[in-house]
Amino acid sequence: MGIRTGAQYIEELKARKPEVWLSGKKVANVFEEPVFKQPILEIARLYDMQHDSEYKDKITHVCEETGERVNNAFLVPKSYEDLIKRRAVFEAFAKATFGLMGRTPDFLNVVVTSMYHNSWFFEKYNTKWAENVRNYYKYLRDHDLFLTHAIINPQNDRSKNSHEQKDMYTHLGAVKETPDGLVVRGAKMLATLAPITDEVIIYSFPGFAPGDEKYALAFALPIGTPGLRIICREPMQDGTRSFFDHPLASRFEEMDALLVFDDVVVPWDRVFLYNNIEAANKLYPMTGAGQQPAHQSGVRGLVKLQFATEVAMKVADTIGVDGYLNVQNDLGELIQSLESIRALLKVAEYEHTITEHGEAMPDYVALETIRGLLPKMYPRAIEVMQIVGAGGLLMSPTGADFNNGELRESIDNYYVGREGISSLERVSIFKLAWDLCGEAFGQRLLQYERYYTGDPIRKRAIFFNMYKRQASLDMVTEALKAVELDKEMLMN
Ligand SMILES: Cc1cc2nc3c(=O)[nH]c(=O)nc-3n(C[C@H](O)[C@H](O)[C@H](O)COP(=O)(O)OP(=O)(O)OC[C@H]3O[C@@H](n4cnc5c(N)ncnc54)[C@H](O)[C@@H]3O)c2cc1C
Ligand SMILES: Nc1c(O)cccc1C(=O)O
């Protein structure tokens, strides 16, 4: 098999019947559901890029084991050059979606590739788990599959651990072992793009306490597995809004969902971890499942931040305000943020380390710095877009108004931009901006940047403590030597 085409992705999607709930109704056919139709086509486009002569050699490679061409997300990076090959697919997929779809197939395929290369970790606890991870990676790679994931407990009572919740199966937990597999019950959040993916992987994110053993789980299942219920949030576009009026919301609605497992049987060959809180707490930091996807997210986040910065700059130019100091100051700040992330990515790749298992790991400090900065920089770019766009963001007519002969003269006369910018150009740019800085669609993109990789506050605290453990603070010691001299004097 190897790389799929968009048509193959869609055919396989059509052949599945996941239990998807949307706005109070069970979705009979995901591909025909207007809310999902365009996002499916956008994902299909990514698969087609793998066969496009412009991208094929950049984003795919020939697998040494099978001789098939596979996506670079499945490449185990062994060198700087391999990291650059991985970056190529992250960048190509991000640019195809302006960085607005965070969970494109490359994201989780990188996670599973990392778990595969670090199957020694699972071996330590259970050789079958390690074998299952290795087999699953090969299955994903050879079938070029698209995963969703839900590694966070639903937001119920965050002051209590899973085993202390009112109902012991509010959070996903193991119920019993059977000859066919492990029976699991409960919920996990927040499975982005779940309705249009092939499979779901559940893996553990640190935070398990003694008593949480039944919740210590990692496994993968086909998205249409019986008993798996996918409950979507309210859609932010109904699939009928025009590309003109909502150039981004109409294309890139990245649905989020709660997953409810109703005594679902996980076959034993799909169980990667179970009933072991030490393993569950260490999986994320020890298998590269935290660091390697941060490379993908950093590249994607850079593209998204660059896109927002470009839109803000275009808005300012369109209405002739980028000559003013305040606007230049704000836009200059966005560009400096953008260049900071670009530089940090180069550092992350260049200052990679080779692990004892031969994996090229992008630099932790640079990646964590990106992880902590993007949740601040992206909201700031949206704020600047709102400040510069001002009332003009609420002035745009609709495409229907443009098409109304009675209105057309007024539209052409009164919606123009600066000299040389027609009404159509000005309104089109302001509609891009409004999708990003006004619509619920854009607010989700902002919340995504804040929280897609965990709670930035707690992640920053972990980063600080890691940094503090390695920080020598030598300059302070050096500076205090001068004080020592005085002390000798003072002592005498
Ligand atoms: C758009 C979007 C897409 C997402 N996609 C996915 C996905 O595909 N897969 C996935 O698994 N997850 C996904 N997530 C979920 C994401 O991982 C979580 O949002 C993130 O881990 C934070 O958890 P939470 O949202 O439950 O916030 P909470 O943990 O409930 O935090 C809420 C508030 O309470 C504070 N708080 C809570 N607990 C503590 C504590 N112990 N100590 C200090 N402060 C605390 C937090 O700082 C925060 O201010 C997505 C999130 C968003 C917004
Ligand atoms: N992918 C993640 C997620 O979905 C939630 C929390 C953390 C991560 C991550 O990869 O760091």
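Treat the numbers as computed from the prediction; the structure is a model and nothing was measured. Order of listing sets the numbers, starting from 1, for every ligand and every atom in it.
Of the candidates Phe205, Tyr452, Tyr203, Tyr451, Tyr452 brings a heavy atom nearest to atom 2 (C) of ligand 2. Across the listed options Arg458, Gln155, Lys459, Arg458 owns the non-hydrogen atom lying nearest to atom 29 (O) of ligand 1. Closest heavy-atom approach to atom 50 (C) of ligand 1 among the candidates Ile202, Leu190, Thr453: Leu190.
Among the atoms of Asp455, some N or O lies under 3.5 angstrom from an N or O of ligand 1.
Of the heavy atoms in Arg371, only side-chain atoms (C-beta onward) come closer than 4.0 Å to ligand 2.
Regarding atom 33 (C) of ligand 1, its nearest protein heavy-atom neighbour is Tyr451 OH, 4.9 Å. Scanning all protein heavy atoms for the shortest distance to atom 5 (N) of ligand 1 gives Thr192 OG1, 2.8 Å. Ile152 CG2, 4.3 Å is the protein heavy atom nearest to atom 23 (O) of ligand 1. Regarding atom 2 (C) of ligand 1, its nearest protein heavy-atom neighbour is Tyr448 CD1, 3.8 Å.
Put simply, the side chain of Cys63 reaches to within 4.5 Å of the side chain of Val70, judged on heavy atoms.
Under the 6.0 Å cut-off for aromatic ring centres, His117 and Tyr137 do not qualify, their centroids lying 6.0 Å or more apart.
The residue from Ile196, Val30, Ile223 that alone fulfils the side chain to side chain contact (heavy atoms under 4.5 Å, CB included) condition with Arg16 is Ile223.
Side-chain N/O atoms of Ser114 and Glu359 include a donor and acceptor closer than 3.5 Å.
More than 12 heavy-atom neighbours from other residues, nucleotides or ligands sit within 6.0 angstrom of NZ on Lys459.
Ring-plane geometry between Tyr136 and Phe272 is classed as tilted, the angle between the planes lying from 30 to 60 degrees on a 0 to 90 degree scale.
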